[in-house]
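Data block below; observations after.
Side chains are part of it too, since the values below use all heavy atoms of this structure and drop only hydrogens, waters and symmetry mates. Protein chains get the first letters and strands the later ones, always in sequence-line order, with residue 1 at the start of each.
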Amino acid sequence: MNCFEWSNHSSDYLDGTLSKSTQDQADEHLKVCPDCTERLQHYRFIVSSISHQAKSPLPASLQKTPFTILLPHIDRATFHSSPLERIPWYIRTILEAIGIVLAVLLAISSTPKIKALYEKSLEKNLNDFHENLNVTEPIADLTHSNIPALDEKLPTLSTDPASPLGESEISGEGEEEEDKIHVAGSQLWRFTLKTVSPDEVRPQVVQSLTELGVSPQTPGLGGTQVPGGIEFTLILNQSLIPHIKHTLEHLAPHSEGKTAESPGSENFSWYRVKSKHKLPEGKSQVVIWLSQPHG
Amino acid sequence: MGSIDSTHYFVRTYGDLLFDLCQEILNNSLQAQFAFRSILRKIRHHNRFQKYSHFERSWVLRIACDKLIHLSHQNSIPKLEENESITARLKQLPSYFQRLLPEDQILLLLRDKHKIPYPEIATAMAIPEGSLKIRRQLALRTLEEWIWNSK
């Protein structure tokens, strides 16, 4: 038997109601454990003190006429420990009612503030999330010194019509394709080019765009590192789009032999939607997406 | 058994036990008299003596326990003077006893002062017998720690 077991049996041990074997084990434990022996002595002292307390006899008057005897007035305050309970009930009730009303008013008045704070914190969290999402790592690939570095943040669309591009800089070869692809105002052209290494293709894209006449100072020309690849977001002249499409198709790996009219080719695809942004006359938003194939 | 006769019977049979319990738990003679009277009144109102005659004392004690636990929770706990010596603390044992939970006080009084068997106490307090033993041991340990270890 250990101290814990003895402690569990201590009540029966004091009463002497343990079984013979358990009693022997408890005795054995007490021989080797001075702490439990001391505790047992303390318990016996307490039990002895309680059992030897004088018993209070029932007063004779109460014994004879328990209900008819008049007891002296008892001070109710002696029954209650709380000072609040000593206040007369009518004042206490009024105080409690006022307290409840104040609590309700406080709750009503503070609810919009709490709601506003909650919404503010939600908004802040959302903004933080977007900021974290937009943080990109610039790649120091500058084998070609004239290629702009990757942007650190996604470019915002600028409606500044001062584009560096001019119609005269476009070669005449693209005019036929421009006819085939109808270019309207406020359009977004999205070109997706699947490649194993977007970092290697990026300089070629930049170089091709530059050769097509896009100024190196054009915002977004460096591309942006985003999860899953590199994205170029540009505002360009609509007349450039057929040439860009043609160039990108050639840059796409394993795209030889495919026709430009098949937007669903293996590594190169494109589509056109209405842009949500108001763009200057003759301009279109172009998004070139160099993506790594899944898996 | 008539109402007046039964009241006198209970007073004769259990009067001393009940009044002593009231006195010990409430620690005030006047409050004890009021409590005793209210316990008697409750016994009389129940009027189930015939039904419970086989375990009469348990039934009486149960009513008394309920009433005393209710009343003692309204009472203030006596303040204790801080004493460094164990001898001084031993003299204050009744005050330490008053600081126990009313249920523990009743248990120790019924078991150690009035020598009432565990099954009856278990019925009176509506606590299983095994739990009563553990509860008694914990109450003794609490008193021991207050007095000998000054915790």
Spacing of B/Asp112 atom CG and A/Ser11 atom OG [to the nearest 0.5 Å] = 8.0 Å
A/Lys113 atom NZ, over 12 foreign heavy atoms within 6.0 Å = no
Taking atom NZ of A/Lys194 as the centre, report whether more than 12 heavy atoms of other residues, nucleotides or ligands fall under 6.0 Å from it.
-> no
Contact origin within B/Ile134 toward chain A - heavy atom pairs under 4.5 Å | side chain
Check whether any side-chain N or O of B/Asp16 sits under 3.5 Å from a backbone N or O of A/Pro57 as a donor-acceptor pair, and report yes or no.
-> no
Which distance, rounded to the nearest 0.5 Å, do you find between the CD of A/Glu38 and the CD of B/Glu144?
-> 7.5 Å
Straight-line distance of A/Ser56 OG to B/Leu21 CG, nearest 0.5 Å | 10.0 Å
Greatest number of heavy atom pairs closer than 4.5 Å to chain A - which of B/Gln23, B/Glu24, B/His114, B/Arg141 = B/Arg141
How far apart are the C-alpha atoms of A/Asp12 and B/Lys133, what are their side-chain angles, what is the distance that settles it, and do they pass the salt bridge (charged side-chain N to carboxylate O under 4.0 Å, His left out) test?
-> CA-CA 7 Å; A/Asp12 282 331; B/Lys133 290 178 181 175; 3.2 Å; yes
Can you see which heavy atom on A/Val47 is nearest to which on B/Arg136, and at what distance?
-> CG2-NH2, 4.1 Å
First locate atom CG of B/Leu90, then atom CZ of A/Phe45, and finally report the distance between them rounded to the nearest 0.5 Å.
-> 4.5 Å
Using non-hydrogen atoms and a 4.5 Å limit, figure out which bit of B/Leu108 sits close to chain A: side chain, backbone, both or neither.
-> both
Interatomic spacing from CG in B/Leu109 to OG in A/Ser51 - rounded to 0.5 Å | 11.0 Å
Best-contacting candidate, A/Leu14, A/Asn8, A/Ile46, against chain B by heavy atom pairs under 4.5 angstrom | A/Ile46
Measure distances from A/Ser48 to the heavy atoms of chain B and classify the residue's part below 4.5 Å as side chain, backbone, both or neither.
-> neither
Atom pair CZ (B/Arg111) and CG (A/Asp15), whose distance is rounded to the nearest 0.5 Å | 4.0 Å
B/Gln137 to A/Ser10 - nearest heavy-atom pair and separation | CG-OG, 3.0 Å
